[in-house]
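Structure first, then comments.
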Amino acid sequence: LRTDGNYVLEIRSVSADGKVDAAYFNPSPINVSKAEVTSENGEPRLLVELRDRGYDGNYYTLAHDSDTDCLTGVYHQLTMGQQFEVEFVRMAQ
């Protein structure tokens with residue numbers, strides 16, 4: 001759950017080749033066009049790209065903070081040309 005709203009990023013699985021099965025909700029489902037784990041300076045990064053009505057390639061670049069068990073990073077809002085610092089916390093199941 002993103003800490004500044006009702007945005008939910010669901011990570012269902014991560015394969016050995018870095019492909020990620022992910023879903024995104026705001027609160028309705030938004031199409032995830034690409035999700036993968038990459039490496040930046042030797043550290044894993046999660047890239048999640050959204051392509052849907054109102055989401056023309058906007059994307060997240062996130063890293064896992066092991067101290068807080070959160071995903072932190074940047075939301076790249078392309079249509080407005082802005083970037084926002086974001087944090088996702090784990091939801092209770």
Side-chain angles (χ1 to χ4, degrees):
L1 175 67
R2 206 166 102 183
T3 56
D4 64 336
N6 291 323
Y7 311 99
V8 174
L9 176 61
E10 181 181 339
I11 306 299
R12 297 175 176 156
S13 66
V14 179
S15 66
D17 65 356
K19 300 292 183 205
V20 177
D21 181 12
Y24 186 76
F25 305 90
N26 177 20
S28 298
I30 304 297
N31 181 56
V32 174
S33 60
K34 178 168 66 170
E36 62 185 8
V37 174
T38 62
S39 180
E40 182 177 308
N41 298 324
E43 296 293 322
R45 295 287 183 260
L46 175 62
L47 170 72
V48 178
E49 181 182 81
L50 309 171
R51 288 210 180 264
D52 213 325
R53 186 172 160 209
Y55 292 84
D56 300 325
N58 298 346
Y59 65 98
Y60 287 98
T61 51
L62 303 167
H64 182 255
D65 182 329
S66 58
D67 291 336
T68 61
D69 193 27
C70 295
L71 290 173
T72 60
V74 178
Y75 177 58
H76 305 266
Q77 216 288 349
L78 301 180
T79 53
M80 296 174 61
Q82 297 179 320
Q83 297 182 14
F84 302 95
E85 295 285 327
V86 295
E87 178 180 65
F88 287 87
V89 296
R90 189 179 302 268
M91 295 175 62
Q93 293 187 16

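All values below come from the heavy atoms of this structure, side chains included, with hydrogens, waters and symmetry mates left out.
Between Pro44 and Val37, the shortest heavy-atom distance links the atoms CB-CG1, 4.1 Å. Smallest separation of non-hydrogen atoms from Asp56 and Arg51: C-NH1, 3.7 Å. Nearest heavy atoms, Tyr59 versus Glu49: CB-CA, 3.8 Å. Heavy-atom minimum distance, Ala22 versus Leu9: CB-CD1, 4.4 Å. Counting all heavy atoms, side chain and backbone alike, Val89 lies closest to Cys70 at CG1-SG, 3.7 Å. Smallest separation of non-hydrogen atoms from Leu1 and Val8: CD1-CG2, 4.0 Å.
Donor-acceptor pairing under 3.5 Å is recorded for the side chains of Thr79 and Gln77. A donor atom on one side chain and an acceptor atom on the other are found under 3.5 Å apart for Tyr75 and Asn58. Inspection of the Thr72 and Glu87 side chains reveals no N or O donor paired with an N or O acceptor under 3.5 Å.
In the hydrophobic clustering of ILVMFWY residues, with side-chain heavy atoms under 4.5 Å counting as a link, Phe84 and Leu71 come out together. Side-chain heavy atoms closer than 4.5 Å link hydrophobic residues (I, L, V, M, F, W, Y) into clusters, and following such links, even through other members, never connects Tyr55 to Met80. Residues Ile11 and Val86 share a hydrophobic cluster, clusters being chains of Ile/Leu/Val/Met/Phe/Trp/Tyr side chains in contact below 4.5 Å. The hydrophobic cluster containing Tyr7 also contains Leu50, counting ILVMFWY residues as joined when their side-chain heavy atoms lie under 4.5 angstrom apart, directly or transitively.
Environment of CG in Asn6: sparse, with no more than 12 heavy atoms of neighbouring residues, nucleotides or ligands closer than 6.0 Å. Crowding of Arg53 atom CZ: a count of heavy atoms from other residues, nucleotides or ligands under 6.0 Å not exceeding 12.
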Taking it one step at a time, do Leu46 and Val20 satisfy side chain to side chain contact (heavy atoms under 4.5 Å, CB included)? CA-CA 9 Å; Leu46 175 62; Val20 177; 3.9 Å; yes
With side chain to side chain contact (heavy atoms under 4.5 Å, CB included) as the test, would you mind laying out the steps for Leu62 and Phe88 before giving the verdict? CA-CA 9 Å; Leu62 303 167; Phe88 287 87; 4.0 Å; yes
Does the side chain to side chain donor-acceptor pair (under 3.5 Å) test come out yes or no for Arg45 and Tyr60, once each step is laid out? CA-CA 10 Å; Arg45 295 287 183 260; Tyr60 287 98; over 6 Å; no
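Ion pairing between Asp17 and Lys19 fails under the 4.0 Å rule for side-chain N and carboxylate O.
Thr61 pairs in a side chain to side chain donor-acceptor pair (under 3.5 Å) with only one of the listed residues (Glu40, Gln83, His76), which is His76.
Counting only heavy atoms from C-beta outward, the side chains of Val48 and Lys34 never approach each other to under 4.5 Å.
Residue Tyr24 holds its OH atom at 5.5 Å from CG of Asn26, rounded to the nearest 0.5 Å.
The backbone N or O of Asn31 lies less than 3.5 Å from a partner atom in the side chain of Asp52, making a donor-acceptor pair.
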